[in-house]
Q: 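One structure, pasted below without further comment.
Nothing here was measured: the structure is a model prediction, and the numbers come from that model.
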Amino acid sequence: MATLISSVDNIDLSNNPILSKLSSSSIPHHTYPHTLSMTSDELLANVPLPSSSETHTKNLFLKDKKHGLFLVCVSPDAAVNTKALGKMLKLEGKVNLRLADETLMMEKLGVKKGCVGPLSMMNNVDDKDVTLVLDESLLTKEKIHSHPLRNDASTALIPSDLLKFLKECCEVEPTLLTFAKQGEAPRVLPGKVPSSRPEGDKSSTKPKHPPKKDKNATNTTNANKKQTKKGETQLALKWKKEENFAMWYTDVIVLSEMISYYDISGCYILRPWSYKIWELIQDWFNIQIRKLDVENSYFPMFVSKDRLEKEKDHVEGFAPEVAWVTKSGEGDLAAPIAVRPTSETIMYPAFADWIRSHRDLPLKLNQWSNVVRWEFKDPTPFLRTREFLWQEGHTAHASFDDANVMVRQALDLYRRVYEELLAVPVVPGYKTEKEKFAGGHSTTTVEAYVPVAGRAIQGATSHHLGQNFGKMFDINYQDEKGETQIAWQTSWGLTTRTIGVMIMVHGDDTGLVLPPKIAPLQAVIVPIVSKKHPLENFSEYCGGILKSLQDQDIRCKLDDRSIYNPGWKYAHWEQKGVPIRIEVGPRDLENKQVRLVVRFSGEKIDVGVDDLADTIAKKLDEVQKGMFAKALQFRDDHLVKVTEWKDFVPNLELHNLVLTPWCGGEHQDWEEWVKDKSREESLASRGEAGEDDRTATSVAAKTLCIPFDQPELPEGAKCIASGLPATCWVMWGRSY
């Protein structure tokens with residue numbers, strides 16, 4: 001049942017469930033009281049907004065005996081014709097949309113008449129039987145003002161935060177439609193003739209000759225479709241990558257069945273399609289670390305407060321992100337227990353027990369586990385989540401140099417994961433003192449570049465911990481001379497962020513584009529069945545193809561589902577990014593061949609079945625190399641050298657990564673200066689006054705790394721920030 005709240009004269013918003021949920025979900029909002037307003041006309045009269053770039057909403061709660069309940073939220077000047085709305089929603093059969101009464105509104109949305117709005121969808125989380133329809137024009141505004149379950153107050157949200165609230169807190173994806181303004185001609189649906197033509201349009205309702213179809217034209221049938229019914233697979237993304245990168249990314253991960261949302265903000269369900277990718281990375285990585293004598297193990301996920309706080313710099317680096325367990329049932333724990341944000345303080349007391357002699361070294365362990373870091377800045381699936389999966393390696397050595405070799409070996413494995421498996425080029429290098437791992441001696445990293453967004457993203461890190469943790473946890477050993485020494489240590493980690501980076505780099509407006517080496521399916525066989533050519537005609541032929549590919553260890557599947565037609569299957573597997581589609585039609589049966597369609601390039605080739613497995617294996621290798629080459633070229637085109645400050649921010653605005661002469665990673669004050677100055681100049685160039693301090697994607701630049709591969713530094717080169725003599729090149733960029 002919905003939580004009921006009614007309008008009252010005394011405006012006390014302290015216990016308002018909508019505002020509480022917005023705050024607990026870290027969604028910025030502004031709520032203000034105003035004169036009680038029953039209709040949108042009253043609201044416009046009573047509560048004028050500061051500019052036309054902000055808008056109230058007009059809301060209609062509609063019911064249909066056959067099709068259910070609809071909450072329609074539109075611009076106040078939009079015209080809503082219920083008959084036309086039924087057609088826009090593609091409701092089949094008889095449609096009779098009409099206003100629902102107040103009793104049903106209170107039952108389903110927990111509000112009285114005049115108090116309804118998109119935020120009230122939170123009260124339908126349990127029933128999930130109300131379809132939310134949003135006017136697309138609302139999303140073009142800077143802010144949307146809507147009632148927080150009462151009509152004597154309004155809550156202002158930017159469109160992206162409203163969508164975030166609806167998705168994460170209300171568990172609803174709105175249907176987005178374009179509504180005509182009052183007085184405008186009614187919206188014409190594709191392929192439909194309007195019941196009355198605008199005055200002056202004398203054209204016939206039917207062309208004399210049907211226009212020829214442009215083979216190169218983009219199919220726009222689904223271009224404006226923003227929502228499908230629950231249980232259906234949408235065959236076109238709602239957003240274009242170039243137009244709205246963030247919403248495109250959300251589209252891709254949901255519609256390609258990589259992610260499902262969960263009722264705790266920042267936590268997500270990895271569906272089998274994405275988890276298989278993670279398993280393939282695990283399989284490859286385990287083989288590689290065994291060659292380095294690294295063994296897998298597992299340690300508990302909880303750490304005591306005393307242990308966590310033993311290393312001061314370390315805990316200060318993680319303190320804001322630590323999640324604490326304080327209760328067991330109804331009782332309080334004697335002392336709070338932290339859920340691991342990382343495992344140094346969990347594993348190293350055991351290291352101290354196990355290491356006694358130089359013969360116990362090196363000790364090299366890895367574990368595959370989950371960690372919790374209570375991120376509050378814009379949680380994003382795969383990229384920035386409160387719980388994530390990773391591997392973390394921890395080693396102890398007899399010397400600094402031995403530990404350093406391990407650091408670089410681990411980092412090179414990370415480079416290979418990105419470049420050889422995910423086809424994503426990375427830049428290996430050192431982090432500056434400001435950006436290194438808290439409590440460590442030094443940090444190395446691989447940094448990737450995300451096209452379109454124009455941002456860098458940290459791919460993985462490998463840390464030389466020095467002897468700091470050894471001193472804290474008494475990890476001592478007797479050397480060959482019988483003298484007591486402190487072990488040198490490393491830690492290194494790779495997370496499911498890898499999957500998000502791969503999606504952002506390679507995905508397109510159709511969906512995923514998967515590199516063959518980590519594709520859950522490398523090929524899918526689709527028989528082209530029809531009434532004249534039923535599935536039985538193809539079964540033996542396609543079954544033989546499937547076996548021949550599986551015998552060559554090609555991950556493949558025969559899609560013999562009878563409830564979907566071939567066109568639906570094409571779109572489905574393209575959206576999921578399968579590298580090669582194998583089409584088998586009646587003529588292919590006659591000619592003993594198949595048609596291959598390559599997801600990455602769109603190439604179509606006819607191939608005989610006798611050498612099909614070899615042909616596909618070669619094509620998969622070609623696709624893997626082609627994807628890496630394309631990403632590398634794009635990255636290199638956006639990696640520029642800058643030697644004067646005047647060119648720094650303009651290159652950031654061009655979505656470039658920037659290499660500059662630098663006075664050294666120890667100059668943290670000048671790093672901060674660049675961050676502040678670049679933010680100030682970027683905002684000024686955009687005509688913006690400021691940005692939310694909580695944003696996870698700032699316009700400010702930060703150091704990404706000091707690349708291992710250093711270009712020659714010009715004689716007399718000066719740091720672009722301090723003007724001091726430069727000692728190296730450093731790479732800057734806007735970062736996730």
Q: Atom NZ of residue position K557 - does it have more than 12 heavy atoms of other residues, nucleotides or ligands inside 6.0 Å?
A: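 For K557, atom NZ is not crowded (no more than 12 foreign heavy atoms under 6.0 Å).
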Q: Given 3.5 Å as the limit, does a donor-acceptor pair link the side chain of Q624 with the main chain of E420, or not?
A: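 Side chain of Q624 to backbone of E420, a donor-acceptor pair under 3.5 Å: yes, one is there.
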Q: Is there a donor-acceptor contact under 3.5 Å from the side chain of R555 to the main chain of A519?
A: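 Here the side-chain-to-backbone pair exists.
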Q: Taking all atoms of both residues into account, what is the closest heavy-atom pair of F648 and V642, and its distance?
A: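 Of all heavy-atom pairs spanning F648 and V642, the closest is N-CG1, 4.0 Å.
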Q: Without swapping roles, check the side chain of T395 against the backbone of K364 for a donor-acceptor pair under 3.5 Å.
A: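 No; zero donor-acceptor contacts below 3.5 Å.
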Q: So do the side chains of I503 and F382 get within less than 4.5 Å of each other, counting heavy atoms only?
A: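 Counting from C-beta outward, I503 and F382 do come under 4.5 Å.
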Q: H638 vs F634 aromatic rings, parallel, tilted or perpendicular, using cut-offs 30° and 60°?
A: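 Parallel.
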Q: Could you pull out the closest heavy-atom pair between M502 and V424, with the gap in Å?
A: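 Scanning both residues, the minimum pair turns out to be CA-CG2, 4.3 Å.
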Q: With a 6.0 Å cut-off (strictly less than), is the heavy-atom count around NZ of K481, excluding the residue itself, greater than 12?
A: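 Counting other residues, nucleotides and ligands, NZ of K481 stays at 12 neighbours or fewer.
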Q: Answer yes or no: is there a side-chain heavy-atom contact under 4.5 Å between F302 and V325?
A: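 Counting from C-beta outward, F302 and V325 do come under 4.5 Å.
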Q: Would you say the side-chain atoms of Y418 pair up with the backbone N or O of A448, donor to acceptor, closer than 3.5 Å?
A: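 It does not hold such a pair.
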Q: Using the benzene-type ring in the case of Trp, are the ring centres of F469 and Y348 under 6.0 Å apart?
A: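 Yes, they do, as the ring centres are separated by less than 6.0 Å.
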Q: Looking at E295, I want to see if its CD is surrounded by more than 12 non-hydrogen atoms of other residues, nucleotides or ligands under 6.0 Å.
A: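 Not buried by this count: 12 neighbours or fewer within 6.0 Å.
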Q: Side chain of S25, backbone of I27: donor and acceptor closer than 3.5 Å?
A: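 Here the side-chain-to-backbone pair does not exist.
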Q: Please check if the distance between the ring centroids of W662 and W732 is under 6.0 Å.
A: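 When the ring centroids of W662 and W732 are compared, they turn out to be within the sub-6.0 Å range.
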Q: Please identify which of these residues, R679, K702, K434, meets the salt bridge (Lys or Arg N to Asp or Glu O under 4.0 Å) condition with E672.
A: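 Option passing the salt bridge (Lys or Arg N to Asp or Glu O under 4.0 Å) with E672: K434.
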Q: Determine whether the side chains of T443 and H463 contain a donor N or O and an acceptor N or O closer than 3.5 Å.
A: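 Side chains of T443 and H463: pair found under 3.5 Å.
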Q: Could you check whether any side-chain heavy atom of S678 comes within less than 4.5 Å of a side-chain heavy atom of V699, counting everything from C-beta outward?
A: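 Heavy-atom side-chain distance check fails, nothing below 4.5 Å.
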Q: Give a yes-or-no answer on whether the side chains of E168 and S265 include a donor-acceptor pair shorter than 3.5 Å.
A: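 There is such a pair (donor and acceptor under 3.5 Å, judged by atom type) between the side chains of E168 and S265.
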Q: Rounded to the nearest 0.5 Å, how far does OG of S24 lie from CD1 of I264?
A: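 The CD1 atom of I264 sits 11.0 Å away from the OG atom of S24.
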Q: Could I get the full list of ring-ring contact (aromatic ring centres under 6.0 Å, His included) partners for Y414, not counting sequence neighbours?
A: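 Counting only residues at least two positions away or on another chain, Y414 forms a ring-ring contact (aromatic ring centres under 6.0 Å, His included) with F285.
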Q: Would you call the rings of F388 and W390 parallel, tilted or perpendicular, where under 30° means parallel and over 60° means perpendicular?
A: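 Correct class here is perpendicular.
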Q: If you draw a 6.0 Å radius around CZ in F400, do more than 12 non-hydrogen atoms from other residues or ligands fall strictly inside?
A: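 Above 12, so yes.
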Q: Measure the shortest side-chain to side-chain distance between W374 and P341 over non-hydrogen atoms and say whether it is less than 4.5 angstrom.
A: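 When only atoms from C-beta onward are counted, P341 and W374 do not touch, as no gap falls below 4.5 Å.
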Q: Give a yes or no answer on whether the side chain of Q367 reaches the backbone of F299 with a donor-acceptor pair at less than 3.5 Å.
A: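 Judged by distance alone, yes, a pair lies under 3.5 Å.
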Q: Give me the atom names and distance for the closest heavy-atom approach of A631 to P425.
A: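 That would be CB-CD, 3.5 Å.
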Q: If you apply the rule side-chain contact (heavy atoms from CB on, under 4.5 Å), what do you find for I337 with W324, and how did you get there?
A: CA-CA 6 Å; I337 298 172; W324 294 93; 5.7 Å; no
Q: Verify the distance criterion only: is there a donor paired with an acceptor across the side chains of S343 and E392 at less than 3.5 Å?
A: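 Yes - a donor-acceptor pair under 3.5 Å links their side chains.
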Q: If you round to the nearest 0.5 Å, how far is CG of L383 from OG1 of T495?
A: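 That separation rounds to 9.0 Å.
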Q: When rounded to the nearest 0.5 angstrom, what is the spacing between CD in Q485 and OG in S357?
A: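 Reported value, rounded in 0.5 Å steps: 12.0 Å.
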Q: Assess the side chains of Q282 and N286: does a donor N or O sit below 3.5 Å from an acceptor N or O?
A: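 Result is no, nothing qualifies.
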Q: With a 4.5 Å heavy-atom cut-off, do I269 and I259 have their side chains touching?
A: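 Counting from C-beta outward, I269 and I259 never come under 4.5 Å.
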Q: Does NE2 belonging to H441 count more than 12 external heavy atoms closer than 6.0 Å?
A: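 Counting other residues, nucleotides and ligands, NE2 of H441 stays at 12 neighbours or fewer.
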Q: Do other residues, nucleotides or ligands put more than 12 heavy atoms under 6.0 Å from the NZ atom of K167?
A: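 More than 12 within 6.0 Å, yes.
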Q: Could you walk me through whether W278 and W273 pass ring pair (Phe, Tyr, Trp, His ring centres under 6.0 Å), step by step?
A: CA-CA 9 Å; W278 183 237; W273 198 247; over 10 Å; no
Q: Taking the side chain as everything from C-beta on, heavy atoms only, tell me whether E671 gets closer than 4.5 Å to V730.
A: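 Sidechains of V730 and E671: no contact.
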Q: Any cation-pi pair here, K641 with W729, using under 6.0 Å and within 45°?
A: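 That pair qualifies as a cation-pi contact.
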Q: Would F473 and F351 count as a close aromatic pair, with their ring centres under 6.0 Å?
A: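 Distance test on ring centres: not under 6.0 Å, no.
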Q: Check D621 with K625, please: is the shortest side-chain N to carboxylate O separation under 4.0 Å?
A: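 A salt bridge links K625 with D621.
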Q: Could you go through L422 and V501, starting from their C-alpha distance and side-chain angles, then the distance that decides it, and tell me whether this counts as side-chain contact (heavy atoms from CB on, under 4.5 Å)?
A: CA-CA 9 Å; L422 304 173; V501 175; over 6 Å; no
Q: How far apart are the C-alpha atoms of D360 and Y477, what are their side-chain angles, what is the distance that settles it, and do they pass the side-chain contact (heavy atoms from CB on, under 4.5 Å) test?
A: CA-CA 8 Å; D360 298 323; Y477 69 95; over 6 Å; no
Q: Mark yes or no for whether S399, through its side chain, and D402, through its backbone, hold a donor-acceptor pair below 3.5 Å.
A: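 Here the side-chain-to-backbone pair exists.
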Q: Which atoms form the tightest heavy-atom contact between L713 and C728, and what is the distance?
A: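 Taking every non-hydrogen atom into account, CD2-N, 3.9 Å.
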Q: Is it true that a side-chain atom of H655 and a backbone atom of V452 form a donor plus acceptor pair closer than 3.5 Å?
A: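 Flag set: sc H655 to bb V452 pair under 3.5 Å.
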Q: Looking at every non-hydrogen atom in both residues, tell me the closest pair between L280 and K517 and how far apart they are.
A: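 In terms of heavy atoms, the two residues are closest at CD1-O, 4.3 Å.
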Q: Taking the side chain from R373 and the backbone from A323, do they hold a donor-acceptor pair closer than 3.5 Å?
A: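 Between the backbone of A323 and the side chain of R373 there is no qualifying donor-acceptor contact (under 3.5 Å).
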Q: Looking at D709, I'd like to know if its CG atom is crowded, meaning that more than 12 non-hydrogen atoms belonging to other residues, nucleotides or ligands lie closer than 6.0 Å.
A: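 Atom CG in D709 is not crowded, with 12 or fewer foreign heavy atoms closer than 6.0 Å.
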Q: List the atom of K431, the atom of E435, and the distance in Å for their closest heavy-atom pair.
A: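 Heavy atoms of K431 and E435 come nearest at CD-CB, 3.8 Å.
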Q: Find out whether the Lys NZ or Arg CZ of R408 is both under 6.0 angstrom from the six-membered ring centre of F708 and within 45° of the ring's axis.
A: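 Because its charged atom sits under 6.0 Å from the ring centre and within 45° of the axis, R408 does stack over F708.
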Q: Check whether any side-chain N or O of R497 sits under 3.5 Å from a backbone N or O of Q458 as a donor-acceptor pair, and report yes or no.
A: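 Flag set: sc R497 to bb Q458 pair under 3.5 Å.
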Q: Does any non-hydrogen side-chain atom of P515 lie less than 4.5 Å from one of L421?
A: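 No, their side chains stay 4.5 Å or more apart.
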Q: Is there a side chain to side chain donor-acceptor pair (under 3.5 Å) between W492 and T490? Walk through the geometry before answering.
A: CA-CA 7 Å; W492 24 281; T490 77; 3.1 Å; yes
Q: Can you confirm whether R340 sits close enough to S369 that some side-chain heavy atom of one is under 4.5 Å from a side-chain heavy atom of the other?
A: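 The answer is yes; the side chains approach within 4.5 Å.
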Q: Would you please test I277 and M258 for side-chain contact (heavy atoms from CB on, under 4.5 Å) and show each step?
A: CA-CA 10 Å; I277 295 173; M258 298 281 276; 3.8 Å; yes
